[in-house]
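Values below: all heavy atoms of this structure, side chains included; hydrogens, waters and symmetry mates excluded.
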Amino acid sequence: MPPSSASTSAADAKPAGASGGVQSLERAFDLLERMADAGGEVGLSELSGSSGLPLPTIHRLMRTLVACGYVRQQPNRRYALGPRLIRLGESASRLLGTWARPFLARLVEETGETANMALLDGDEIVYVAQVPSRHAVRMFTEVGRRVLPHSTGVGKALLANHPPEEVRALLGRTGMPAATEKTITDPDRFLDALADVRRLGYAVDDNEQEIGVRCLAVPVPNSPTSAAISISGPTGRVTEAATDNIVPVLQEVAAQLSVALANQTPA
């Protein structure tokens, strides 16, 4: 880490009380997460309004994050997430994918279809792990691939419990390009689809990312970062009738993966 001339005050560095942590660190990570939720770029006044912290405190923390390379200041005086976060994120994603693979393998064993794990990274979905189906005709998504959330089952699963205003803001930033003729391209229809996810407990991508492919997805509860698992296969195999058998398996495996992630140990 590069040396920094910026420093937090003694008050910022004091223990955070009941959490047993260091308050300045907790605040700094909270600001980074708020920046990510806002699309990666914010102004100090926005951070102050959302976090409740005074501007001088935010300014000190941001100066330190800039000096360390985790945040950069734009020419317009706004702040954006910095490049040093990329290496941390890539390493964490690889480890998360390693932990998830035994659980995805169970999904393949019980459903016969390709199993995936994906994260919400800023405004995009990134696939971090996959175990392929044994069928000759099977789905394949490259690990590391990034897609927009509105056309995927995992995207719906990950956004279902976000406030509607946050979802609209995300859709406004990304747009809603049509991947197929089935892709939802209207924000109101997409919010209706998220309501269905909350009601049913799972999300569906029905030919919306790729014609001939159907995907079922559920979120990983209490995951340290927004994560979802899914199975995907040809529409001829992942039928409405098969959904009734597959969804309970998805939900059970997601719950088991949640426990494993909380314990930070592989299955």
Side-chain angles (χ1 to χ4, degrees), residues 19 21 26 29-30 32-34 36-37 89 91-111 113-131 141 143 146-167 170 190-206 209 214-232 238 242-267:
S19 70
E26 292 180 353
F29 283 120
D30 179 66
L32 291 173
E33 291 187 3
R34 291 178 187 277
D37 290 342
S91 297
S93 294
R94 284 195 296 270
L95 183 58
L96 196 57
T98 298
W99 285 341
R101 282 188 62 82
F103 298 91
L104 300 184
R106 180 190 162 192
L107 279 177
V108 174
E109 185 68 29
E110 297 203 22
T111 69
E113 304 300 341
T114 296
N116 311 282
M117 182 177 188
L119 308 180
L120 181 62
D121 183 19
D123 290 345
E124 297 178 316
I125 299 299
V126 58
Y127 289 91
V128 297
Q130 181 181 85
V131 175
T141 298
V143 172
R146 291 175 174 271
V147 296
L148 297 181
H150 71 283
S151 60
T152 64
V154 285
K156 293 174 188 174
L158 289 167
L159 291 178
N161 289 316
H162 284 229
E165 60 273 16
E166 289 185 10
V167 175
L170 183 151
F190 187 72
L191 289 172
D192 288 343
L194 297 188
D196 289 339
V197 176
R198 292 190 294 273
R199 176 174 58 84
L200 297 171
Y202 66 94
V204 181
D205 157 15
D206 192 358
Q209 180 67 26
R214 199 160 184 265
C215 172
L216 305 173
V218 299
V220 178
N222 304 313
S223 174
T225 188
S226 294
I229 58 174
S230 68
I231 64 90
S232 55
V238 186
T243 297
D244 292 337
N245 296 323
I246 292 172
V247 168
V249 178
L250 271 170
Q251 292 171 332
E252 182 179 351
V253 171
Q256 293 173 349
L257 177 56
S258 174
V259 172
L261 294 177
N263 293 333
Q264 298 183 353
T265 57

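At least one donor-acceptor pair under 3.5 Å links the side chain of Ser258 to the backbone N or O of Pro221. Under a 3.5 Å cut-off, the side chain of Arg214 and the backbone N or O of Ser232 do not form any donor-acceptor pair. For Lys156 (side chain) and Val204 (main-chain N/O), a donor-acceptor pair under 3.5 Å exists by modelled atom type. Between the side chain of Arg198 and the backbone N or O of Ala160 there is at least one donor-acceptor pair closer than 3.5 Å. Panel note: side chain Arg146, backbone Glu124; no donor-acceptor pair is recorded below 3.5 Å.
The side-chain heavy atoms of Leu120 and His162, taken from C-beta on, include a pair separated by under 4.5 Å. Taking the side chain as every heavy atom from C-beta outward, Val167 and Phe190 approach each other to under 4.5 Å. Between Leu104 and Asn116, the closest side-chain pair of non-hydrogen atoms is not below 4.5 Å. The side-chain heavy atoms of Leu257 and Met117, taken from C-beta on, include a pair separated by under 4.5 Å. Inter-residue side-chain proximity for Val249 and Val253 is flagged as met; some heavy-atom pair is nearer than 4.5 Å. Counting only heavy atoms from C-beta outward, the side chains of Cys215 and Thr152 never approach each other to under 4.5 Å.
The heavy-atom pair separating Ser230 from Ala217 by the smallest distance is CB-CB, 3.7 Å. Looking at every heavy atom in both residues, Val218 comes nearest to Ala254 through CG2-CB, 3.8 Å. Nearest heavy atom pair, residue Leu158 against residue Leu119, reads CD1-C, 3.8 Å.
Partners of Arg199 according to the salt bridge (Lys or Arg N to Asp or Glu O under 4.0 Å) rule, which considers only residues two or more places apart in sequence or in another chain, are Asp196. Glu33 meets the salt bridge (Lys or Arg N to Asp or Glu O under 4.0 Å) test with no other residue; sequence neighbours excluded. Under the rule for a side-chain contact (heavy atoms from CB on, under 4.5 Å), the partners of Pro149 that lie at least two apart in sequence or sit in another chain are Ile125, Leu159, Leu170.
For the atom pair CD (Gln251) and CG (Leu216), the distance works out to 10.5 Å, reported to the nearest 0.5 Å.
None of Thr243, Thr111, Ile231 except one satisfies the side chain to side chain contact (heavy atoms under 4.5 Å, CB included) rule with Leu250; the exception is Ile231.
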Task: CA sep, side-chain torsions, deciding dist, call: Glu252, Arg106, salt bridge (Lys or Arg N to Asp or Glu O under 4.0 Å) - done: CA-CA 11 Å; Glu252 182 179 351; Arg106 180 190 162 192; 3.3 Å; yes
